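First the structure, then my questions, so here it is.
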Amino acid sequence: MERNEKFLKLKRALFDKCYAHLNDMQKEAVYTVNGPLLILAGAGSGKTTVLVNRVVFLIKYGNAYYDNRIPEFVDDEYIFEMERALASPDKSDAEQMLPDFAANPCPPYRVLAITFTNKAANEIKTRLSSALDDPDMANDVWAGTFHSVCMRILRVNCEKIGYKKEFTIYDADDTKKAVSNAMKRCYLDEKQFPIKTVIAEISRAKERLISPSLYSDEYASDYRKSKIARVYEEYQRTLRESNAMDFDDIIVNTVELFKRNPDILDYYQRKFKYICVDEYQDTNSAQFVLTSMLAEGFRNIMVVGDDDQSIYKFRGATIENILGFDKEFDDSKVIKLEQNYRSTATILDAANAVIANNKGRHKKQLWTDGDVGEKIIVRCLSDQNIEAKDIVDTIYREVANGKRKYKDFAILYRVNSQSNSIERAFAKSAIPYRMLGGTRFSDRKEIRDVVAYLQLVANHNDRERLLRIINEPRRKIGEKTLDAVSQIAAEQNCSMFEIIENASQYTALSRSAGTLEDFARLIKRLTAVAQSQTLPDLFDAVLNLSGYRAMLEAAGEEEKDRLDNLDEFKSSIIEYVSKTDEPTLIGFLEENALVADVDRYDESADAVVMMTIHSAKGLEFPIVVIPGFEDGIFPGIQNIVGNPDDMEEERRLAYVALTRAKEKIYILHTKSRLLYGQTQFNPVSRFVTEIPEKYIEKEEPFAPWEADLNGGSRPKVYIQNGMSVSASKSRGYSSPKSPWDSPVSQPKITPAQPIFNKKEGVGAKFVPGDRVLHMTFGEGEVLSVRPMGADTLYEVMFDKVGIKKLMATYAKLKKI
DNA sequence: ATGGGGCTGCTTTTT
DNA sequence: GCAGCCCCAT
């Protein structure tokens, strides 16, 4: 007996020794593998580290730490061995013993780790493969976003719920078009029923797993909602007809699949012995139901999250999931991670003070044993342009004196439109910068068009994609013809494509039967190509046989950029083919739909980064600059007049912003601000006043031109106080365009400019004359380098294909 | 059928 | 301030 107890004690001591790089709470989280576990992980508390370590732990050792069984091999000699390993200064002596203690280690393919973003999923995958010695093992773990995990299940099982295997995915834009069409068919006026509201309402219903018929029943007595119910029903019907799903459907249909097929659910319940869910505060109820269903088998579910960082209520996330987890799983264990490894004590204390004003939260207090650090700088500037110049100048000074690199800085703002003035200021300076959240590469028309062709080739029933490209390039297939086709398709209860294929059989289509059938033949021909040739070949076939390339070439110089973009898109296809084991059209389309461009951003580039606070969640930067920290902007006006819950969400957003910073924060606000064509006069944000004075240093702006521009004669034009501005009200009699009403005349020479005289973007990797290699174009010579917006535009003379213009972010050029 | 000019609207957004 | 979209003129 004595020996057994000694063994267990020593075993745990050995684990503790090997996991000494984790704090006690983190270790606890890693060791606790069985049963429901809620980890409340404050910002910067090593959440991902815990998650990865825990997955590795259960793959290597299973329930080793808490298992009380005594292995047969334990004898006095073994105990002696353990004691020696424990005392040894060499940690690897202890590490070598750990595998002996493994208790039901879990095969990697039985672990499911769900995240919200591809970025997070990729990070987990990379860290797993370096932590597990065998890279194959890491690949076997089911690590992915909710959507990618569900897609993996649906691709195998979708026929059970009436979808064909090649179903396609509708993104936000396709959804908008499809809903808009559904509204037309229901005779709903988009003026009375703004499409945004309708889409949000439908999405909200789906997130709560409310089907069109349930929705219709529930709101039968509500005039507006019963109208929306009709649209919802019609939209859902078209999706079915199109053999397509929108993003919400991917989750909803997986739940539906499980509900209707207990055997399939049972299979996955048995398969996934361990389930981990990251960012649990962002889950909606459909996702909650999904994970709960899967976890019912083994009940080994771990969720990690931070209720204080829940900032997605507006898109259906329900904070109740995390607040109520310990009630849903009554035997759950709760672990709080409050030690912060990211920020200075000053930053943490400030953030704690702000978030403490919220009522509905699990109490947490971040702390660090690190430095106090610098105070938070608060500056008041006169307007948004001066504010932007102040940012430029601040960054320039810190970089010039050698202390900082450009990439140490992040500009985090509340609304995207704040980026305009800042981007202008950066563009005039020589500071390299990247902006997240602009127009995405894959949102460009030509890319969407060619993707629509590919989607239609993969799935002939895809109505939205068919409508998008049937007359692109022009084929003289007009709206009336398509209405007729749609009509017949509805009557015959089949897809539009099937009607088009056999157009000559329908008298209503007699006039355009020829062109319609030509189009069907084109798609069928491309389908044959898809079956017999490679994806890049298919891509070329689409552009050539459809006449799309000819159309762009005919337009000449004007559409040159589009052709370049398409070439660029081809290289992303080639990249997909080369990195994927079994590349398929469906696989490519799926990746294209579920993986955003943002994931391709090159993080190593030395450039200042600009983004909204929302997109900064999960990231960290040495220095964070928060412009527009004003009542009216942040918190936004809607949330000041709105209900108190919205204010709490806004405060959480402030908390997220502050806790992104490792070392230093600049808070900026202005006396007047031109936004959405309106001048506002906002007081400093209430969140700033919630930060105790002792953490703040009010500082005069660096900008030496401030006095000149502001001090003198510029008259102030009051429109309304920012607090009560209502953008729509003052329209119509907008003030005349007086010279002083337009943005402060941009001085041609800023103090910054003589200092950095730029021509070639400082962040640029190449200079004219460099030889570069491109995936599709081959070798070439860089002719010019031009900073363009958030990116750099290269003009390259390729040996084989001549001059091309390429964006740095997408072009993946290599120097040779 | 198509393109240009005016009108409107406008948090936050990943998948 | 600006983009996206609707409507009207060609």
Side-chain angles (χ1 to χ4, degrees), chain A residues 114-121 144-151 169-176 180 190-191 194-197 199-200 203 207 245-251 279 282-284 286-287 310-317 384 412-421 424 436-440 442-443 445 471 474-481 590-599 611-618 628 632-640 642 646 649-650 652-654 656-657 673-679 725-728 731-732 734 737 741-743:
Chain A
I114 305 179
T115 61
F116 266 82
T117 61
N118 292 299
K119 199 175 187 316
T145 61
F146 267 102
H147 291 82
S148 70
V149 166
C150 288
M151 280 303 291
I169 300 170
Y170 278 12
D171 68 16
D173 206 68
D174 307 311
T175 295
K176 193 175 169 197
S180 169
E190 286 195 23
K191 289 264 155 53
I195 188 141
K196 271 193 96 175
T197 324
I199 291 172
S203 179
E207 280 155 0
M245 297 186 193
D246 66 18
F247 285 131
D248 294 321
D249 287 338
I250 293 173
I251 314 289
E279 304 282 14
D282 290 335
T283 49
N284 59 38
Q287 289 160 336
S310 158
I311 52 173
Y312 285 115
K313 187 179 148 202
F314 72 91
R315 66 174 200 215
Q384 77 283 347
L412 307 182
Y413 35 82
R414 177 65 242 266
V415 292
N416 276 310
S417 38
Q418 284 175 260
S419 67
N420 291 334
S421 45
R424 251 189 310 236
L436 266 63
T439 313
R440 292 191 271 186
S442 52
D443 281 342
K445 184 183 180 305
N471 207 27
R474 310 266 154 231
R475 297 189 177 90
K476 302 220 171 98
I477 300 174
E479 206 177 329
K480 276 158 285 166
T481 311
E590 190 170 309
E591 183 164 307
N592 187 257
L594 297 180
V595 179
D597 299 337
V598 181
D599 299 321
M611 66 182 94
T612 62
I613 299 166
H614 280 90
S615 16
K617 200 177 71 161
I633 302 282
F634 188 17
I637 187 76
Q638 308 86 334
N639 302 307
I640 294 175
D646 292 342
E649 175 135 330
E650 203 76 357
R652 290 193 289 271
L653 197 55
V656 168
R673 174 177 300 276
L674 183 64
L675 194 72
Y676 302 131
Q678 285 277 312
T679 305
V725 150
S726 146
S728 53
R731 188 188 306 286
S734 67
K737 277 270 181 286
D741 205 18
S742 57

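Excluded from the calculations below are hydrogen atoms, water molecules and symmetry mates; all remaining heavy atoms, backbone and side chain alike, are included. Note on naming: letters A, B, ... go to the chains in the order of the sequence lines (proteins, then strands), and numbering restarts at 1 for each one. Only a predicted model underlies this, so the values are computations on that prediction, with no experimental measurement involved.
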Residue Arg315(A), side-chain heavy atoms: nucleotide from dT13(B), dT15(B), dT11(B) that is nearest: dT13(B)
Assess the side chains of Tyr676(A) and Ser417(A): does a donor N or O sit below 3.5 Å from an acceptor N or O? yes
Describe the nucleic acid contact of Glu591(A) in one word from base, sugar-phosphate, nothing, applying a heavy-atom distance below 4.0 Å. nothing
Between Lys119(A) (NZ) and dT15(B) (P), how many Å, whole number? 11 Å
Do Ser180(A) and Glu190(A) have side-chain N/O donor and acceptor atoms under 3.5 Å apart? yes
Salt bridge flag under 4.0 Å for residues Arg315(A) and Asp282(A): no
Measuring from the side chain of Tyr312(A) (C-beta onward, heavy atoms only), which nucleotide among dT13(B), dC6(C), dT15(B) has the closest atom? dT13(B)
With no hydrogens and no angle check, just 3.5 Å: does a side-chain donor-acceptor pair link Ser203(A) and Asp248(A)? yes
Spacing of Lys196(A) atom NZ relative to dT12(B) atom P, expressed in whole Å: 8 Å
Result for 5'-nearest mapping on DNA chain B, choosing between Thr145(A) and Asp646(A), is Asp646(A)
Please state how far atom NZ in Lys445(A) lies from atom P in dA3(C), giving the value in whole angstrom units. 18 Å
chi for dT11(B) classified (syn = within 90 degrees of 0, anti otherwise) as syn
Length of the line joining Gln678(A):CD and dG9(B):P, which is rounded to integer Å: 14 Å
Rounded P spacing from dT13(B) to dG4(C) in Å: 16 Å
Is Phe314(A) stacked on the base of dT11(B), meaning ring centres closer than 5.5 Å and planes within 30 degrees of each other? no
Note: for His147(A) and Asn471(A) on DNA chain B, the residue whose nearest nucleotide lies more 5' is Asn471(A)
Nearest-Å distance, CG (Asp174(A)) to P (dT15(B))? 16 Å
How close or far is atom C1' of dC6(C) from atom CD of Glu479(A), stated in whole angstroms? 13 Å
Side-chain N or O of Thr612(A) versus OP1/OP2 of dT11(B): is the shortest distance under 4.0 Å? no
Testing dT11(B), dT15(B), dT13(B) for proximity to the side chain of Ser615(A), the answer is dT13(B)
Closest to side chain of Asn639(A), choosing from dT11(B), dT14(B), dA1(B): dT11(B)
Check the distance between dT13(B)'s P and Asp171(A)'s CG and give it to me in whole angstrom. 16 Å
Any Arg474(A) side-chain nitrogen or oxygen under 4.0 Å from OP1 or OP2 of dT2(B): yes
NZ of Lys176(A) versus C1' of dT14(B): gap in Å, rounded? 18 Å
Consider the side chain of Glu650(A), meaning its heavy atoms from C-beta on, and name the nucleotide among dT11(B), dT12(B), dT14(B) that approaches it most closely. dT11(B)
Ring centre gap for Phe314(A) and His614(A) strictly below 6.0 Å: yes
Looking at Asn284(A) and Gln287(A), would you say the former's side chain and the latter's main chain have a donor-acceptor pair under 3.5 Å? yes
